[in-house]
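Below, chains carry the letters A, B, ... as their sequence lines are ordered, and counting in each starts from 1. Values reported hereafter were calculated over all heavy atoms of this structure, with side chains retained and with hydrogens, waters and symmetry mates removed.
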Amino acid sequence: MEAPTNLVAQRRFKLAELKRRGFDPYPHRFDFTHSITDLRASFDRLTGPELETRPERVRVCGRVMSLRPQGKAGFLDLSDGEQRIQVYMRRDKVDDASYDLFQLLDLGDILGAEGVLFRTRTNELTVLASRLQHLSKNLIPLPEKWHGLTDVETRFRQRYVDLIVNPEVRAVFAKRSRIIREIRSFLDSRGYLEVETPVLQAIAGGALARPFITHHNALDLDLYLRIALELYLKRLIVGGFPRVYELSRIFRNEGISTQHNPEFTMLEFYQAYSDFRDLMDLTEEMITQIVEVVTGSRTVTYQDQVLDFNRWQRYSLRDAIVRFWPESVPAPAGDDLKSPERLRALARSVNAKFELTDGPGKLLAAIFEEVAEPHLIQPTFIYDFPTEVSPLSKTKPDDPETVERFELYIAGMEVANAYSELNDPAEQRARFEDQLRQRGLGDDTAHAMDEDYIRALSYGMPPTAGEGIGIDRLTMVLTNSRSIREVILFPLLRPEADTLPQALGEVDADK
RNA sequence: GGGCCGUUAGCUCAGUCGGCAGAGCAUCUGCCUUUUAAGCAGAGGGUCGCUGGUUCGAGUCCAGCACGGCUCACCA
């Protein structure tokens with residue numbers, strides 16, 4: 001049979017040839033002595049003469065990333081995803097089966113190699129193979145070795161390929177895992193209990209956002225995917241756990257952008273007998289520690305900025321508006337940030353978007369987002385938010401229009417949101433009712449009434465502070481990623497066109 | 001959802017004024033026992049995203065559609 005020209009068909013041909021010669025194309029295991037990363041850690045420092053004096057016999061396995069045949073010998077590179085090791089095969093050092101296998105190898109195959117370590121003339125640490133074992137077949141050719149895979153759509157749809165050929169992508173997700181591990185360790189060491197609460201909820205509460213709707217068949221019940229972790233975690237504070245956290249996925253039925261994916265990962269933690277000031281200090285400590293552990297420094301380059309986590313800033317929302325007010329527009333005077341008429345005029349003057357039904361709180365928030373948010377590059381806490389946009393927060397003792405709440409901004413992105421939790425059930429009911437009025441005015445992100453939550457508060461919830469941290473955005477900052485899709489393994493994309501089954505059929509068709 | 005941009009070989013990309021579909025890597029054949037973007041000689045490989053239109057002739061011009069990127073809107 002002639003070798004076919006189509007690349008996939010060529011590889012299927014080689015797979016059949018492997019079978020024909022008695023190789024198991026998909027064996028069950030390989031008994032390795034070192035991962036490639038471990039191997040390098042152990043032997044990178046040994047010289048050629050040292051390796052000759054004390055011969056080291058190893059079995060390693062990984063994906064063939066480079067093949068350099070050279071007559072009756074040849075080199076190949078095996079990768080474990082992180083590191084590579086060179087393997088040298090020569091006719092007079094291996095058995096016939098291993099030699100045949102080498103002739104049939106393709107880039108991308110998974111291979112096991114046994115042999116002794118040595119250094120080549122160019123001083124490269126190398127396994128001199130005595131035996132090669134085929135472990136799995138690559139049927140779809142990998143992207144090119146030099147330019148790699150750059151097509152963004154393919155990188156996201158086939159993240160597995162992205163991870164095989166782009167080590168820096170792998171590094172991003174290793175960092176993400178490290179961030180999450182540090183968060184858990186930080187909270188665990190402070191007496192927090194990690195808990196899991198429902199994803200499927202009859203009332204999607206705890207945030208101002210539109211939910212996804214789903215359906216339970218047996219109960220014939222429409223349910224929502226959660227938009228926040230908040231309300232169930234506070235029920236647990238009522239239940240007597242003084243410190244709880246959940247680090248998990250939430251879902252918001254909103255647009256997709258470089259900073260938004262419909263499902264994203266949120267950390268929420270709640271601490272009884274504390275207020276939002278305690279969490280400001282805690283957040284500064286936690287994030288500084290994560291930054292240092294994950295990046296090795298307290299200064300981080302993000303795009304063309306240097307973020308300095310030695311110098312955290314704190315402004316009230318009103319101060320931030322005044323401080324970052326554009327020079328070209330007349331600045332607000334003393335009481336301007338209080339009257340709805342003046343606020344509307346100011347919002348118009350800076351092109352902030354608002355509805356005519358918006359009260360002073362919403363107007364203030366809209367002005368803040370337009371005027372100040374883009375300037376909040378360095379780690380900055382903004383505190384004292386309008387009650388109108390904070391239906392679950394406790395008001396300040398001397399000002400019912402303002403709540404004890406802060407948001408953390410880094411690189412112009414909102415990364416965290418925290419407040420002293422409102423625990424007065426009567427006031428909570430009134431706030432929900434106000435939200436229902438806003439919903440009636442057309443705001444479909446306004447909060448729904450949650451009677452069970454009010455009932456829980458009625459049993460008595462200790463004074464509590466709670467916070468949410470957007471893990472994806474924090475990861476963006478620490479991996480210098482411009483798009484949230486770069487830090488989510490499988491970001492949401494429209495389904496692939498119907499060309500996929502054909503491509504697969506080509507691969508699957510057995511012979 | 002709006003605006004702008006993109007889609008050509010497995011991958012990365014050229015393709016002039018509308019006139020035979022190109023390169024590098026990868027693949028295949030031959031040679032090559034310390035190479036490493038190995039080398040030398042030769043060869044094969046295309047639904048130019050899809051559907052229409054204009055034209056003697058369309059990868060190229062026009063329209064619609066699909067998918068993606070950036071951006072605006074929405075949000076965290």
Side-chain angles (χ1 to χ4, degrees), chain A residues 2-11 13-14 48 65-77 84-94 99 102 106-108 118-126 128 138-157 161 165 206-210 227-228 250-268 351 353 369 373 407-409 413-417 443-445 468-474 476 482-485 491 493-500 502-503 506-507:
Chain A
E2 188 100 349
T5 54
N6 174 283
L7 294 175
V8 173
Q10 276 172 1
R11 294 188 176 206
F13 176 80
K14 285 190 184 174
M65 299 304 288
S66 175
L67 260 178
R68 297 179 295 279
Q70 223 174 358
K72 293 182 176 54
F75 294 90
L76 58 86
D77 293 342
R84 292 184 180 198
I85 183 73
Q86 178 169 266
V87 175
Y88 181 46
M89 191 279 329
R90 42 187 290 172
R91 184 72 191 89
D92 56 2
K93 298 285 188 189
V94 294
Y99 184 73
F102 187 87
D106 280 313
L107 284 178
F118 77 111
R119 284 192 183 271
T120 62
R121 278 178 203 155
T122 51
N123 207 36
E124 173 100 13
L125 184 67
T126 303
L128 176 60
N138 170 278
L139 293 174
I140 305 177
L142 293 178
E144 191 213 346
K145 60 185 168 188
W146 195 240
H147 298 95
L149 177 67
T150 61
D151 181 79
V152 176
E153 185 174 353
T154 310
R155 286 187 46 232
F156 294 163
R157 281 196 200 284
V161 181
V165 299
L208 308 180
R210 284 199 296 271
I227 57 172
I250 63 177
F251 309 85
R252 297 192 182 174
N253 207 339
E254 309 282 354
I256 294 176
S257 79
T258 50
Q259 289 178 41
H260 301 86
N261 196 60
E263 55 178 306
F264 62 103
T265 300
M266 183 80 111
L267 164 71
E268 286 196 28
N351 292 318
K353 298 100 206 159
E369 281 170 23
E373 214 178 273
E407 289 186 346
L408 169 64
Y409 285 85
M413 287 187 292
E414 184 188 335
V415 170
N417 179 21
D443 182 353
D444 55 1
T445 68
I469 296 183
I471 299 302
D472 311 273
R473 288 184 179 175
L474 181 61
M476 287 169 69
R482 216 148 66 86
S483 166
I484 198 167
R485 293 181 208 99
L493 299 175
R494 284 191 155 88
E496 210 164 347
D498 53 7
T499 54
L500 184 60
Q502 294 166 21
E506 207 172 57
V507 174

Next item on the list: Compare side-chain N and O positions of A:Thr258 against OP1 and OP2 of B:U71 and report whether any pair is under 4.0 Å apart.
Entry: yes
Checklist line | A:Arg91 to A:Tyr99 six-membered ring, cation-pi geometry met (6.0 Å, 45°) | finding: yes
Item checked: Min side-chain heavy-atom separation A:Tyr88-A:Lys93 under 4.5 Å -> no
Next item on the list: Could you tell me which nucleotide pairs with B:C28 by Watson-Crick or G-U wobble geometry, both distances under 3.5 Å, or answer none if nothing does?
Entry: B:G42
Next item on the list: Check whether any side-chain nitrogen or oxygen of A:Arg210 sits under 4.0 Å from OP1 or OP2 of B:C74, and answer yes or no.
Entry: no
Next item on the list: Please state how far atom CD in A:Gln259 lies from atom P in B:A73, giving the value in whole angstrom units.
Entry: 12 Å
Next item on the list: Whole angstrom is fine here: how far is it from CG in A:Asn138 over to P in B:C11?
Entry: 13 Å
Next item on the list: Taking only the side-chain nitrogens and oxygens of A:Arg119, find out if one of them lies under 4.0 Å from OP1 or OP2 of B:U34.
Entry: no
Margin query: Taking any heavy-atom pair under 4.0 Å as a contact, classify A:Asp444: base, sugar-phosphate, or nothing.
Written below: nothing
Check: Considering only side-chain heavy atoms of A:Leu7, which listed nucleotide, B:U27, B:U35, B:A76, is closest?
Finding: B:U27
Item checked: Candidate pair A:Leu67 and A:Leu107, rule side chain to side chain contact (heavy atoms under 4.5 Å, CB included), full reasoning -> CA-CA 7 Å; A:Leu67 260 178; A:Leu107 284 178; 4.1 Å; yes
Next item on the list: Assess whether one donor atom and one acceptor atom, taken from the side chain of A:Thr150 and the base of B:U12, lie less than 3.5 Å apart.
Entry: no
Check: Rounded to the nearest Å, what distance is computed from the CG atom of residue A:Asn6 to the P atom of nucleotide B:A26?
Finding: 18 Å
Check: Side-chain N or O of A:Arg485 less than 4.0 angstrom from OP1 or OP2 on B:G69?
Finding: yes
Note to self: By nearest atom, which of the nucleotides B:U12, B:U27, B:G68 is closest to the A:Gln10 side chain?
What the structure shows: B:U27
Margin query: Looking at A:Glu254 and A:Arg210, is there a salt bridge between them, counting it only when a charged N and a carboxylate O are closer than 4.0 Å?
Written below: yes
Margin query: Strictly below 4.0 Å: does A:Lys145 bring a side-chain N or O up to OP1 or OP2 of B:G24?
Written below: no
Notebook entry, point to check: Does A:Arg494 make a side-chain N or O approach to OP1 or OP2 of B:G68 shorter than 4.0 Å?
Noted result: yes
Next item on the list: Tell me whether the OP1 or OP2 atom of B:U33 has a side-chain N or O from A:Arg91 closer than 4.0 Å.
Entry: no
Next item on the list: Please state whether the base of B:U35 and the side chain of A:Gln86 form at least one donor-acceptor pair under 3.5 Å?
Entry: yes
Next item on the list: Evaluate whether the aromatic ring of A:Phe75 and the six-membered ring of the B:A38 base sit under 5.5 Å apart, centre to centre, with an inclination under 30°.
Entry: no
